[in-house]
Amino acid sequence: MKMVRSLFLRMFMMFKWTGQPAEILEQTFPSLENGGFVVVEWGGIEVNEPEGRT
């Protein structure tokens with residue numbers, strides 16, 4: 001059996017420690033019709049300041 005994706009959803013998040021609480025706005029995404037095999041990829045990275053910057 002060969003699986004062929006009908007939908008590919010990729011989410012990538014970037015985050016950074018600020019030392020303080022931060023207000024984050026809720027993200028909204030459009031509804032997607034699913035008619036078969038769906039691939040969902042989640043990932044992210046921590047953003048660091050370059051050396052010498054604070």
**Q** By side chain to side chain contact (heavy atoms under 4.5 Å, CB included), which residues pair with Phe15, not counting sequence neighbours?
**A** Glu46

**Q** My understanding is that a hydrophobic cluster links ILVMFWY residues whose side chain heavy atoms are under 4.5 Å apart, including indirect links. Using that, what else belongs to the cluster containing Val47?
**A** Phe12, Met14, Ile45

**Q** Kindly state each residue pair satisfying salt bridge (Lys or Arg N to Asp or Glu O under 4.0 Å) with at least one member in residues 10-19, sequence neighbours excluded.
**A** Arg10-Glu41, Lys16-Glu49

**Q** I'd like a table of donor-acceptor pairs (distance under 3.5 Å, sequence neighbours excluded) in which one partner is a side-chain atom from residues 18-32, with atom names and distances.
**A**
residue	atom	partner	partner atom	Å
Thr18	OG1	Gln20	N	3.3
Thr18	OG1	Gln20	O	2.8

**Q** By side chain to side chain contact (heavy atoms under 4.5 Å, CB included), which residues pair with Met13, not counting sequence neighbours?
**A** Trp42

